[in-house]
Amino acid sequence: MDRKEILELFAGKIHCSQIVVSQWADELGLDKDTALRMAGPFGGGCFHGDVCGCVAGALMVIGAEYGHFEWGDVEGNQRMIEKISEFKEQFAERCGSLVCRELTGFDFSEEGAFEQAEQAGVFVSRCPDYVNAALEILDDIM
């Protein structure tokens with residue numbers, strides 16, 4: 001995705017987690033509206049600065065494709081774990097962390113942190129790169 005598209009989505013309050021999941025919705029056979037709704041709570045590290053929403057969204061995508069769901073599916077579980085480990089390793093290597101507060105420099109559990117991050121331009125300068133990193137890594141490993 002180009003930066004302009006991502007910034008337009010951010011301006012409409014679509015979060016990084018939602019962008020990542022919705023880009024894969026069709027390929028995974030998911031309704032795009034459902035994908036956007038289920039990924040909504042994960043933006044901004046679950047609005048607490050925890051795991052980056054791009055990472056959470058990517059893990060949802062991996063789970064939709066590789067997640068095991070049958071009791072005793074040891075091989076399926078192992079395949080899923082390998083995919084999520086591969087994603088997390090590549091994302092951390094490329095971006096420096098898996099944690100939103102480390103990537104953005106803001107702890108969104110603190111009052112006013114979103115506004116401060118917005119004023120500092122974090123959502124414009126850094127977050128689109130994290131979205132694209134997640135999408136590119138998913139392209140490689142899926």
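Sequential numbering from 1 along the given sequence is applied to the chain's residues. No experiment lies behind these values; they were computed from the predicted model shown.
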key: Test log, rule side-chain contact (heavy atoms from CB on, under 4.5 Å), inputs F123 and F114   = CA-CA 9 Å; F123 302 125; F114 275 103; 3.8 Å; yes
query = Is the backbone of I141 close enough, under 3.5 Å, to the side chain of K83 for a donor and an acceptor to pair up by distance?
reply = yes
query = Are the side chain of N132 and the backbone N or O of D2 linked by a donor-acceptor pair below 3.5 Å?
reply = no
key: Non-neighbouring partners of D129 that pass salt bridge (Lys or Arg N to Asp or Glu O under 4.0 Å), sequence neighbours left out   = R3
message = Looking at every heavy atom in both F106 and A113, which two are closest together, and how far apart are they?
response = CD2-O, 3.9 Å
inquiry  = Test: side chain to side chain donor-acceptor pair (under 3.5 Å). Region: residues 100-127. Which pairs qualify, not counting sequence neighbours?
reply    = D50-R101, S97-E102, D107-S109
remark   = CD1 (I6) and CD (E8) are apart, to the nearest 0.5 Å, by 10.5 Å
key: Y130 side-chain N/O to L103 backbone N/O, donor-acceptor pair under 3.5 Å   = yes
task = Begin from the C-alpha positions of I62 and L138 and carry the test side-chain contact (heavy atoms from CB on, under 4.5 Å) through to its verdict.
result = CA-CA 8 Å; I62 293 168; L138 282 172; 3.8 Å; yes
ask   = Can you tell me if S22 uses its side chain to pair, donor with acceptor, with the backbone of L36 under 3.5 Å?
value = no
query = Who are the salt bridge (Lys or Arg N to Asp or Glu O under 4.0 Å) partners of D73, not counting sequence neighbours?
reply = none
message = To check you understand the geometry: which heavy-atom pair defines the closest contact between P128 and L7, and what is its length?
response = CG-CD2, 3.8 Å
ask   = What residues, two or more places apart in sequence or in another chain, satisfy side chain to side chain contact (heavy atoms under 4.5 Å, CB included) together with D139?
value = W24
key: Full working for side-chain contact (heavy atoms from CB on, under 4.5 Å) between V131 and F10   = CA-CA 11 Å; V131 169; F10 283 168; 4.1 Å; yes
key: Atom pair CG (D33) and CE (M38), whose distance is rounded to the nearest 0.5 Å   = 12.0 Å
ask   = Can you name the closest pair of heavy atoms from A133 and C95 and give their distance?
value = CB-SG, 3.6 Å
request  = Write down the atom of A134, the atom of V20, and the distance for their closest heavy-atom approach.
outcome  = CB-CG2, 4.0 Å
task = Starting at CD of E86, measure out to CE of M142 and round the result to the nearest 0.5 Å.
result = 11.0 Å
ask   = Residues two or more places apart in sequence or in another chain: which of them pass side chain to side chain donor-acceptor pair (under 3.5 Å) with E89?
value = none
message = One thing to verify: whether E136 and R94 come together as a salt bridge, which I'm taking to mean a side-chain N less than 4.0 angstrom from a carboxylate O.
response = yes
key: Residue pairs passing the salt bridge (Lys or Arg N to Asp or Glu O under 4.0 Å) test where at least one lies in residues 35-45, sequence neighbours excluded   = none
message = Using every non-hydrogen atom in the two residues, find where V21 and A35 come nearest and quote the distance to one decimal.
response = CG1-CB, 3.6 Å
note = The reported gap from CG in L59 to NZ in K88 (rounded to nearest 0.5 angstrom) is 6.5 Å
request  = Indicate, with yes or no, if V99 and V122 share a hydrophobic cluster defined by side-chain heavy-atom contacts under 4.5 Å among Ile, Leu, Val, Met, Phe, Trp and Tyr.
outcome  = no
query = Would you call the rings of H15 and F47 parallel, tilted or perpendicular, where under 30° means parallel and over 60° means perpendicular?
reply = perpendicular
remark   = For C54 and C16, the nearest pair of non-hydrogen atoms, with its separation, is SG-CB, 3.5 Å
